[in-house]
Every structure is written in structure tokens, then in C-alpha cells.
Amino acid sequence: MAGADASYRRYHDQEWGVPLHGDDALFEFLVLEGAQAGLSWRTVLAKRAHYRKRFHDFSIARVAAMTDVELESLLEDSGLIRNRLKIFSARDNARAAREIIVRHGSLDAWLWSFVKGTPRLNHWQRPQDVPASTAESDAMSKALRAHGFRFVGSTICYAFMQATGMVNDHLVHCFRHPQRSDKPRRS
């Protein structure tokens, strides 16, 4: 568990809330946040490297081309969350992402449009102050579903927005909150 805690701490300290761009990079987080539904993020984080391997580094084109036989084989892989709907949704979501790219030029620009291209910095004092969803995550969820995405409810979309830095929900006393003047340096 100590390794998992170190990994989780590294994720918090170096990734969570940092603006992320790139169609495949954002697609990865859509898949992982969907896989996390009903589970802890620690569980998904511990399996992320294996997800990358089995889902072709989250190349949208390669995941969209995965066959039923390939996906069925993933259901036997203990390195993944073996939920049929979640496994198959990765391919469905890749195909939907391709359509967004064709229609809108990039998945990146389209997803970031829900925050007008600029990260939102919140000023929460306590963990219980952080919402589970917002009007923006509601809108993102509705739009993703309209394009054929699955496992993209508003709560999942808000977690995705937090993870990819569209929303910075580090608490005001956290060293990662940008307005802390006494932030300690972390390596």
C-alpha cells in the first residue's frame, strides 16, 4: 500500500489539476475516469500503466480499430478492471472521439471549449466544499452522450475536468494551489 500511496501522492503533486492537451492524452483520461466509476481512483491509478499497454497508449485510431476478439481477451486480464461495459466503451468512445475530431478539428479544442479554453481556478477551503458536478460538467456530459460516448455522466466529467486541469480544485491551503505564496518546492 505504501507504493500505491506514493504513486497517488505523485499523481496529486505532479499531474492532477495541471492543464493537459492532446487528443490522445485527453482520451486516456476519459477512458480512465469512466473505468473508475464506482471504484477508487487509487485502483485505476495502480492499473494505468497496464491500461496504456493494452489500449495502445490510448491512440484514438488504434483503440477505435480494436476488434471484439481483442476486447473479449481484455476481460481475462487481471491488470484491467474487467467490466465488459467499461472495456467495450473504450472502443465506442474512441469511435465517437474520431467523429468529434472530423467535425470540430480536435477533441482537445472541443473538450476545452466547455471551460472556454481557460482553466478555472477555484478557492475551496475544505474537501466537502468541492462539488461533484457543475453546470459545465453537466453540459459536457450531455454533449459527449449526444456524440455516442458512454460512461460520461456529469460526475465523471467533473472528475475528468479536475484531472486534466480544466478545473483546478486544489484546496487553498494545498501547496499546489497557484495563489499560495508560501508553496514549498517539491521534487
How far apart are the closest heavy atoms of F55 and L80, and which atoms are they?
CE1-CD1, 4.3 Å
Please determine if R54 and D77 form a salt bridge, counting it only when a charged side-chain N lies under 4.0 Å from a carboxylate O.
yes
May I ask you to test the E28-R52 pair for a side-chain heavy-atom distance under 4.5 Å?
yes
Validation row: L30, L111 side chains within 4.5 angstrom (heavy atoms)
yes
Under 3.5 Å, side chain of W112 to main-chain N/O of L20, donor-acceptor pair present?
yes
Nearest heavy atoms of N93 and R150, plus distance in Å
OD1-N, 2.8 Å
Show, in sequence, the C-alpha distance, side-chain angles and deciding distance for Y8 and W41, and conclude whether the ring-ring contact (aromatic ring centres under 6.0 Å, His included) test is met.
CA-CA 9 Å; Y8 190 75; W41 182 247; 8.3 Å; no
Please step through side-chain contact (heavy atoms from CB on, under 4.5 Å) for the pair V167 and L121, ending with a clear verdict.
CA-CA 6 Å; V167 175; L121 175 61; over 6 Å; no
Under 3.5 Å donor-acceptor, E70 side chain and T67 backbone
yes
Applying ring-ring contact (aromatic ring centres under 6.0 Å, His included), run through W110 and H147 and close with a yes or a no.
CA-CA 12 Å; W110 186 79; H147 280 88; 5.1 Å; yes
Test item: L144 and C157 side chains (from C-beta on) under 4.5 Å apart, heavy atoms
yes
Of all the heavy-atom pairs spanning Q125 and V172, show the shortest one and how long it is.
NE2-CG2, 3.4 Å
Check F58 against F27 and note the closest heavy-atom contact, atom names and distance.
O-CD2, 3.5 Å
Between R95 (side chain only) and A64 (backbone N and O only), is there a donor and an acceptor less than 3.5 Å apart?
yes
So, are R91 and D68 salt-bridged, with charged N and O less than 4.0 Å apart?
yes
Measuring from atom OG1 of T164 to atom CD of E33, what distance do you get when rounded to the nearest 0.5 angstrom?
8.5 Å
So do R48 and L45 actually touch side chain to side chain, heavy atoms under 4.5 Å?
yes
Quick test of your reading of the model: are E15 and R176 salt-bridged, counting only N-O distances below 4.0 Å?
no
Determine whether a donor-acceptor pair (N or O, by modelled atom type, separation under 3.5 Å) exists between the side chain of S137 and the backbone of T134.
yes
Using a 4.5 Å cut-off on heavy atoms from C-beta on, say whether the side chain of I156 contacts that of S141.
no
With ring-ring contact (aromatic ring centres under 6.0 Å, His included) as the criterion, how do W124 and H170 come out once you've worked through the C-alpha distance, each side chain's angles and the decisive distance to 0.1 Å?
CA-CA 7 Å; W124 310 119; H170 287 281; over 10 Å; no
I want to check something: taking the side chain as every heavy atom from C-beta on, are Q162 and W16 in contact at a cut-off of under 4.5 Å?
yes
For the student: nearest non-hydrogen atoms of L71 and I87, plus distance
O-CG2, 3.7 Å
So, taking the atom named NE2 in H12 and the one named OG in S7, what distance separates them when rounded to the nearest 0.5 Å?
13.5 Å
Separation of F151 CZ from Q36 CD (nearest 0.5 Å):
12.0 Å
Shared ILVMFWY cluster between L39 and F29, side chains joined below 4.5 angstrom?
yes
What verdict does the side-chain contact (heavy atoms from CB on, under 4.5 Å) test give for F160 and V152, after you've listed the backbone C-alpha separation in whole Å, the side-chain angles of each residue and the deciding distance to 0.1 Å?
CA-CA 9 Å; F160 166 79; V152 289; over 6 Å; no
Could you grab the distance from atom CG of L75 to atom CG of N83, nearest 0.5 Å is fine?
8.5 Å
Is a side-chain donor or acceptor of S154 paired with a backbone partner of D138 at a separation under 3.5 angstrom?
yes
Donor-acceptor contact below 3.5 Å, side chain D24 vs main chain I60:
yes
Are D129 and R126 within salt-bridge range, i.e. N to O under 4.0 Å?
yes
Can you tell me how far apart CE (M161) and OG (S133) are? Round to the nearest 0.5 Å.
10.5 Å
Quick one: does D23's side chain have a donor or acceptor within less than 3.5 Å of a partner on D108's backbone?
yes
Can R82 and E76 be counted as an ion pair, charged N to O under 4.0 angstrom?
no
Quick check against the 3.5 Å criterion: does K86 have a side-chain atom that pairs as donor or acceptor with the backbone of A37?
yes
Does Y51 reach the main-chain N or O of I81 with its side chain, forming a donor-acceptor pair under 3.5 Å?
yes
Are D5 and R42 ion-paired here, with the side-chain N under 4.0 Å from a carboxylate O?
yes
Keeping the roles fixed (side chain from S113, backbone from K116), state whether a donor-acceptor pair exists under 3.5 Å.
no
Could you tell me which non-hydrogen atom of Y158 sits nearest to which non-hydrogen atom of A132, and how far apart they are?
CB-O, 3.3 Å
Please round to the nearest 0.5 Å and tell me the distance separating atom CE of M66 and atom CD of E72.
11.5 Å
